[in-house]
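The basis for the numbers below is simple: all heavy atoms, side chains too, and nothing from hydrogens, waters or symmetry mates. This one's a predicted model, so the numbers in the text were calculated from it and none came from an experiment.
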Amino acid sequence: MALPSSTISAAGAAPGAGQGYRPALVLLATLFFMWGFISVINGTLLPHLRSVFELSYFQTGLIESVWFIGYLLASIPAAKLIEQIGYQRALTTGLLVMTVGSLGMILAAYLISYEVTVASLFVVSCGIALLQVAANPYVAVIGPPESSETRLTLVQAFNTTGDVLAIVFGKYLILARTTAGTTAHGTQLTEAQRMADAQATELPYLIVAVVLAFLAVLIMRAKLPALGAATSRASAEARRGLSLFHHRNLILGCVGIALCVLAEIGVGSYFINFVSQPDVANLTQEHAASYLILFWGGMMLGRFAGAALMRKIAPERVLALFALIAIAGSLVAVFVTGPAAMYGLITVGLGLSIMFPAIFALAIRGLGPLTEEGSGLLIMSIAGGALASIQGKIGDAYGLHWGFLITTACALYVLFYAVWGSKPTHALPDRPIA
């Protein structure tokens, strides 16, 4: 998922940024693609790991939780690192950290080690956090201020493209090459079969590591535009006597960001296991991955549709509409059996699609000189995805379908936020931001 860059002043881009920034933008778009790709490949990786290590749904969810804890812990150090070494070196460092984590996944497959797997994914998530913190503001200011929204929308589209292609990649290079991925749900594997399945992640992560290392070299050698004063924070004088906690739309928006990420991760992580069940669609994991593509594809289409609707309809109303779609789809997944439950869950992708950017935009409304601090809180709220293991705990105790009541609850909160919580309190004059 791409973070909206709302912390950057659009009053002036870096000197000279108006010329020759397009090649840099193309190169940066590949970064958005790669972190979207690597994040969403977990949708096929987690059911694979569950079979190899014979994990409960709760233990499987803990892997995703560690991923988001890495994001939470790395965000603040990443910002300080950027201050020390600059954006270009930070981007290179982020890619190299992700490369190390990907190589760790190859070692984990060789050793068949759950602990090395979790540690390696944690390293990858820290690298992505560094890329997120560096790349979004960079994209916002390397070109003309009046087209910053267009640039961000474009690179975020690449992020979503990476989401969709990651499922195709995982389907054919992980699930299709394993016994667990190509047999019916509940099939008991022999020890030899599980050991053989464990090796299936070596080739995919070798490919990922090579691509990341190649991108690191490209970024390191590229002549990227230097950033000027456009990234400076509002003066301390302008923020004196102001408090973030006076802005209801921000505080409630932080909760909304945490919950919409939790809903997205919860569906993406358990989708394959859920639809593989005999009383749902009775598919192999490989086949179920094809339908997970529809879930992420719905999110991609929903973002474009939502952006178009918001040009004519207030964003609060559009957000409320999409929240209702997510509520309806998740309730179908909980209370209906057969393939209809699967299609209900696919529909949730459409409902979740605009929640993150819409909540983000509504939450920073009226913050004025506090926009930077408010945006930082919203970014850290992404760690709400770490709570996905709770859904796994419910799945272990009562069945996976009941876990999607968490999705319903998250969407209900977003509906509340759209109707009431997003209304600004103590609004301040806005500074121009991208």
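Nearest heavy atoms, A216 versus L96: CB-CD2, 3.7 Å. Scanning both residues, V52 and A198, for their nearest heavy atoms gives CG1-CB, 3.7 Å. The minimum heavy-atom distance between F322 and L309, with the atom names listed, is CE1-CD1, 4.0 Å. When all heavy atoms are compared, the tightest approach of G302 to I354 is O-CG2, 3.4 Å. Minimum interatomic distance between C126 and V97 (heavy atoms only, all atoms of both residues): C-CG1, 4.5 Å. Taking every heavy atom of both residues into account, L362 and P315 meet most closely at CD2-CG, 4.1 Å.
Side-chain contact between S269 and T60 is absent, with no heavy-atom pair separated by less than 4.5 Å. Residues V118 and L121 form no side-chain contact, since every pair of their non-hydrogen atoms from C-beta on lies 4.5 Å or further apart. With contacts defined as side-chain heavy-atom distances shorter than 4.5 Å, the pair W67/I265 does not qualify. Taking 4.5 Å as the limit, every side-chain heavy atom of T201 sits out of range of all side-chain heavy atoms of I106. Under the 4.5 Å side-chain criterion, counting only non-hydrogen atoms from C-beta, F169 is in contact with I41. At a threshold of 4.5 Å between non-hydrogen side-chain atoms, the residues F271 and M342 count as touching. Side chains of F68 and S125 form no contact here, defined as non-hydrogen atoms less than 4.5 Å apart. Taking the side chain as every heavy atom from C-beta outward, R365 and N249 approach each other to under 4.5 Å.
Aromatic pair F32/W35: ring centres closer than 6.0 Å.
From L378, atom CG reaches atom SG of C254 across 4.5 Å, with rounding to the nearest 0.5 Å. Atoms CG and OG, from L301 and S353 in turn, are 9.0 Å apart once rounded to the nearest 0.5 Å. Remark: I167 CD1 to L175 CG distance equals 9.0 Å, nearest 0.5 Å. Annotation: the span from L46 atom CG to I272 atom CD1 amounts to 9.0 Å, rounded to 0.5 Å. With rounding to the nearest 0.5 Å, the separation of OG1 in T44 from CD1 in I174 is 4.5 Å. Rounded to the nearest 0.5 Å, atoms OG1 (T284) and NZ (K171) are 8.0 Å apart.
A donor-acceptor pair is defined here as one N or O able to donate and one able to accept, closer than 3.5 Å; no such pair exists between the side chain of S389 and the backbone of G61. A donor-acceptor pair under 3.5 Å is absent between the side-chain atoms of Y57 and the main chain of I390, judged by distance alone. Judged by distance alone, with hydrogens and angles left aside, the side-chain atoms of S113 form no donor-acceptor pair with the main-chain N or O of A109 at under 3.5 Å. A distance-only check finds a donor-acceptor pair linking the side chain of T425 to the backbone of H246 [under 3.5 Å]. Put simply, the side chain of Q88 gets close to the backbone of A222: a donor and an acceptor are under 3.5 Å apart. With hydrogens and angles disregarded, a donor-acceptor distance shorter than 3.5 Å links the side chain of D197 to the backbone of T179. Between the side chain of S422 and the backbone N or O of Y417, at least one donor-acceptor pair lies under 3.5 Å. Distance alone, capped at 3.5 Å, is enough to place a donor-acceptor pair between the R50 side chain and the L55 backbone.
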For V217 and F214, run side chain to side chain contact (heavy atoms under 4.5 Å, CB included): C-alpha distance rounded to whole Å, both residues' side-chain angles, the deciding distance at 0.1 Å, then the answer.
-> CA-CA 5 Å; V217 173; F214 177 70; 5.6 Å; no

For side chain to side chain contact (heavy atoms under 4.5 Å, CB included), just list the numbers for N42 and I63, CA-CA rounded to whole Å, side-chain angles, deciding distance to a tenth of an Å, and then say yes or no.
-> CA-CA 9 Å; N42 287 352; I63 299 175; over 6 Å; no

Should Q391 and F404 be marked as a side chain to side chain contact (heavy atoms under 4.5 Å, CB included) after you check the CA-CA gap, both sets of side-chain angles, and the distance that decides it?
-> CA-CA 7 Å; Q391 190 167 334; F404 294 114; 3.2 Å; yes

Chi angles and distances behind the side chain to side chain contact (heavy atoms under 4.5 Å, CB included) call for L45, H48 = CA-CA 5 Å; L45 178 65; H48 163 75; 4.2 Å; yes

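Salt bridge R177/E286: absent, no basic N to carboxylate O contact under 4.0 Å.
Checking V261, I257, L262 one by one against L259, the side-chain contact (heavy atoms from CB on, under 4.5 Å) holds for a single residue, L262.
When only modelled atom types and interatomic distance are considered, S330 and T407 share no side-chain donor-acceptor pair under 3.5 Å.
The 12-atom threshold is not exceeded at CZ of R89, counting heavy atoms of other residues, nucleotides or ligands nearer than 6.0 Å.
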